[in-house]
Amino acid sequence: MNFENLKRLAQLMTEHGLSELEVEDPEGRYRLKKAGPEGRVIEGPALSAPGPGASAPVPAAPAPGLHEIKAPLVGTFYRSPKPGADVFVETGDRIGPEKVVCIIEAMKVMNEIKAECEGEIVEVCIENGQPVEFGQVLFRVRKP
Amino acid sequence: MNFENLKRLAQLMTEHGLSELEVEDPEGRYRLKKAGPEGRVIEGPALSAPGPGASAPVPAAPAPGLHEIKAPLVGTFYRSPKPGADVFVETGDRIGPEKVVCIIEAMKVMNEIKAECEGEIVEVCIENGQPVEFGQVLFRVRKP
Amino acid sequence: MPRTDSKTELTPPANERPPMFSRILVANRGEIALRVIRACKELGIETVAVYSEADAGAIYLQYADKSICIGPAPAAKSYLDIARIISTAEITDVQAIHPGYGFLAENSHFAEVCRSCNIQFIGPSPEASRAVGDKVRARALAIELGIPVSPGSDKPVADEKEAVRIAHEIGFPVMIKAAAGGGGRGMRVARNDVSLVSNLYAAQAEAQAAFKDPSVYIEKLVEHPRHVEIQVLGDEYGNLVHLGERDCTTQRRHQKLVEESPSPVLTEDLRRRMGECAVRFARAARYTNAGTVEFLVDDDGNFFFMEMNARIQVEHPVTEMVTGIDLVKEQIRIAAGRPLGYRQEDVRLRGAAIECRINAEDSMDGFRPSPGLIRRFILPGGLGVRVDTHAHAGYTIPPTYDSMIGKLIVHRPSREEALLTMRRALEEFVVEGVQTTIPFFLDLFSNAQFLSSDIDTNFVETYLGKRG
Amino acid sequence: MPRTDSKTELTPPANERPPMFSRILVANRGEIALRVIRACKELGIETVAVYSEADAGAIYLQYADKSICIGPAPAAKSYLDIARIISTAEITDVQAIHPGYGFLAENSHFAEVCRSCNIQFIGPSPEASRAVGDKVRARALAIELGIPVSPGSDKPVADEKEAVRIAHEIGFPVMIKAAAGGGGRGMRVARNDVSLVSNLYAAQAEAQAAFKDPSVYIEKLVEHPRHVEIQVLGDEYGNLVHLGERDCTTQRRHQKLVEESPSPVLTEDLRRRMGECAVRFARAARYTNAGTVEFLVDDDGNFFFMEMNARIQVEHPVTEMVTGIDLVKEQIRIAAGRPLGYRQEDVRLRGAAIECRINAEDSMDGFRPSPGLIRRFILPGGLGVRVDTHAHAGYTIPPTYDSMIGKLIVHRPSREEALLTMRRALEEFVVEGVQTTIPFFLDLFSNAQFLSSDIDTNFVETYLGKRG
């Protein structure tokens, strides 16, 4: 990717007060858009549900300053290695990247999910035994 | 990427008060948009024609400071009372509100159209014998 | 789907067949203007669309070969102004005018002006239009032809005494109707002498107020009536066929909301008899082009002639779906002097079709019109779904005209399947920015009484009353 | 439109009929996911839609009862990931999976995993899928059943000498084909000994590069071939019918662009014989559910078996229009163990249907994909028009998957009328923001050679070459 070009395009926008810029040439295609009150685009998918049976998840905005551990696959979420056993982690626990935080069962396979980050568990977002979809937030972590 | 062109496009926008600009030529495609209150993206009817046979009239912006005499009905526009006779008005003529400026024929009826304004005819917009639709500009008048 | 290669009885010699029109003016707006433009495009005919300032810039105008602004928003100065429309026809050099429905469609004076200007009016002759348009004449003609009408006074009742005499003759319950009436005003039901007398005066007062004419007449009330109408087509050579029925029992304040074909209550025998009556009536009125004969049908399968509509109807698509016949193309072909090309026995009804009128009205608030900008508009699609609409995301519904923004039509092998397809199509239909009748239909298509068609023309009002 | 009340020969006892599914997972995206959801809604079956992050927020997902994100944009980690899909099926407790077309639709391993997990795969059994999916086995089976195939080497040619011997045996021109091939790679035509030898090496090199397997075989070249395929449906009780043909001769680089039914070149006799061959093949392969047998047809009306596709095809709507049969519902019913409910003689073809694939591709620039935001999207409508699309104004076409954004299908009483309806529908179809194949189709539907269907599978490339 040509970052030099991108930078120059962004500068050009600032210099000339542009809110949107699209360039397409033999090298590629670029589309830039400035944030700001005037930059709101009304066009495009609205948030309102179009009909009955609507169920598309609206991703919640992440809490500021918190890291999210997300489900890397779809399956059933388990907080402990087996029924009755202690949970892998609890809120308040300090964790490291290698720490197993939960299991996601998919097709009878128990997949151990590692934290892959350092910090303190501040929220467990899913109840034990509940299904999770890809990308769903499992835990929130305050990084040190 | 041709930054020189982009810069010149951006300058052109500033000079002429453009809010959006799109250019497509053999070298590529450019789309620029200015920030600011006029930069809101309005969904809905674009200016481009959607299909073949498009023919909806795009109203021309009135020249600043000029008054327009518009067709009050649909029919055929005649500049003189009968073939071969002198025209009712010519550019440069000073007119008053009661001055008949043309005839519009509809269903064999010759409807005399009065100026309904004062001033000087600066443009005759329709040729003799041409059909006109409702609201079409017939004459432009500079008011005193 | 009848093919045009089958033989007919009555046709002009091949060398005398007039040529097809090369250019037509569409004297209407919105979805029916688009419907006519579509038919013309497929027939290779150029179109001239007319529009008022309220419709300037509408996308459907761009599908016409030419579009001409004819006046300001009020219909009286644009779509209803005969001079402006004829003048446009002359400057654009068209050979024919299609009036759509509403506006000038059943104005026999307009048809006469067209004729005097040597422009073909796409519809019945002014004479036929007048003959079927006058309710008293039409009823008399039906009686003369032996077509059942509901018994009644046939002319305004002079006084209370005559009213009671007639009511006893035909039997209670009776309907008191304003002679000049329409739209339900001046209409009263009486079930005994006492209510007859009191309602007689009330109806006369209402009629006077509404139509400046206190005349009322009396008809036997058809109880639990269903509105069933027969589509007819007739050419210039005396060929007349009917294309089955449309059941329009689902109405609110005499406005049709749902139409279907076939009717869930017609037997094959009843269909044949009603069809024969419709054709007999049209033939006697020397009716040509597309027309609709309306009947009421009671619980016992008796049917009663109401009136004939001398135009293409809003609900024509359900007939198109079950017959495969393009009614608007047929109108144009007939007006151009082409013979029908098929006989009654060639017409086959296949499957079941249902139409919902999608209006920009708030069905949660008394069907109050809801004009404005449509921000989002996602049409249903897929197998068995047809949509006729001039609207789209970004279209602004002007407040000036009627509130219909489209028609959703489904066609499936059986009524049961059609109902299911309609429901899922309604669920898919997304309109944001204005209120529509879609939520009303979603309710309706979950109502057991409606689904089993155990209804009469009062159903929707009763249902809404219960719901509200 | 066959009704389900006609009698069949082979049905299970009424008391042994398995219940209909109550919940199905749709293992696909875009228009075919929406197509399956529509069918389920009409059958009263709940749906679970799966989607990748690239499709998050798509409107069609909201028509499903539940939608589950299964992975990131790349198909290998979402729509092609068997474990993720099965895992979703388990957590959502569905009884069956509809694979749509593409992705896992013809993956017999996936069908096996479904079976082992006690989930009904909506399609043929893994055994039947494998039997028809292996080109060499399928060809051998066709020969065994007396179904015409184009003469050829039937197995990879050892060397130049063998190639020449076989070419002389079957006669020039011949086609050299990669054994592992597909999509036109490793395919060469030879018209004499010299070009055979040089093309043999070139094809082997191409095959090695493309498939890591240099094996090629030789077949007689069918000149001026038309691609005509037969739709079959088979239930679990041995009932098998064919639903007529689809003519898919209009292709570009082996990608179908236009499909129609009936084929403009098939006689009633040829249709019957091809249909019988297709059913015979399916029966021998113990094929159930919906499948398609592809043939080439030459100028003289000879037909040659090519292969059988073990899935619902993109172009299935044209068959639905002419037969009135909802193929996706039939797939679901068959998978649920329901008998077909009609026999071959109950299947009637009515009128003519044509489909255009509307792709987000710039047909002015080598059909380069054109993903991005659709700013404006106005669908054609009216009589005879069906649109299957998941797109709408405001929808962003992800660059990750195929470029098809919808299918435009028309159905009219005759091919001539269908062509006219298609042209006007294409003219109405407004897409702004991305380039589409609509301008290409508008050109095509004005081309005399195409309109008269005087074409073969090379037509589009020749035509584009001339046009360019």
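A quick note: this is a predicted structure, and the numbers were derived from the prediction, not measured. Residue numbers begin at 1 in each chain, while the letters A, B, ... track the order of the sequences.
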Kindly indicate whether the side chain of C/E53, heavy atoms from C-beta on, has any atom under 4.5 Å from the side chain of C/S78. no
Side chain / backbone / both / neither for C/V50 at chain B, heavy atoms under 4.5 Å: neither
Side chains of C/H98 and C/I312 in contact at under 4.5 Å (non-hydrogen atoms): yes
Using only non-hydrogen atoms and a strict under-4.5 angstrom cutoff, which residues of residues 105-113 of chain B touch chain C? B/E105, B/A106, B/M107, B/K108
Got C/R386 and C/E320 here, is their nearest side-chain heavy-atom distance under 4.5 Å? yes
Is the C/F377 to C/F429 ring centre distance short of 6.0 Å? yes
For residues C/R311 and C/G102, report the shortest heavy-atom separation together with the two atoms involved. CD-N, 4.4 Å
Side chains of C/P398 and C/R29: does their closest heavy-atom pair fall under 4.5 Å? yes
On the 0 to 90° scale, with breaks at 30° and 60°, tag the B/F139-B/F77 ring pair as parallel, tilted or perpendicular. tilted
Before you tell me yes or no, could you show the steps for C/R333 and C/E330 under salt bridge (Lys or Arg N to Asp or Glu O under 4.0 Å), namely the whole-Å CA-CA distance, both residues' side-chain angles and the distance that decides it to 0.1 Å? CA-CA 5 Å; C/R333 285 200 191 98; C/E330 291 301 276; 2.4 Å; yes
Should C/L80 and C/L104 count as side-chain neighbours, where that means a heavy-atom distance under 4.5 Å? yes
How would you list, in number order, the residues of residues 31-39 of chain C that have a heavy atom less than 4.5 Å from chain B? none
Shortest non-hydrogen contact between B/I95 and B/I69, atoms and distance: CD1-CD1, 4.4 Å
Select all residues of residues 84-96 of chain C having any heavy atom within less than 4.5 Å of some heavy atom of chain B, and report them by number, or 'none'. C/R84, C/I86, C/S87, C/T88, C/E90, C/I91
Treating C/E361 as the side-chain partner and C/T437 as the backbone partner, does any N or O pair qualify as donor plus acceptor under 3.5 Å? no
Can you give each donor-acceptor pair under 3.5 Å made by side-chain atoms of residues 121-128 of chain B, sequence neighbours left out, with the distance rounded to 0.1 Å?
| unit_1 | atom_1 | unit_2 | atom_2 | d |
| --- | --- | --- | --- | --- |
| B/E123 | OE1 | B/R140 | NH1 | 2.9 |
| B/N128 | OD1 | B/R79 | N | 2.7 |

Check: B/V132 and B/Q130 side chains under 4.5 Å, non-hydrogen atoms: no
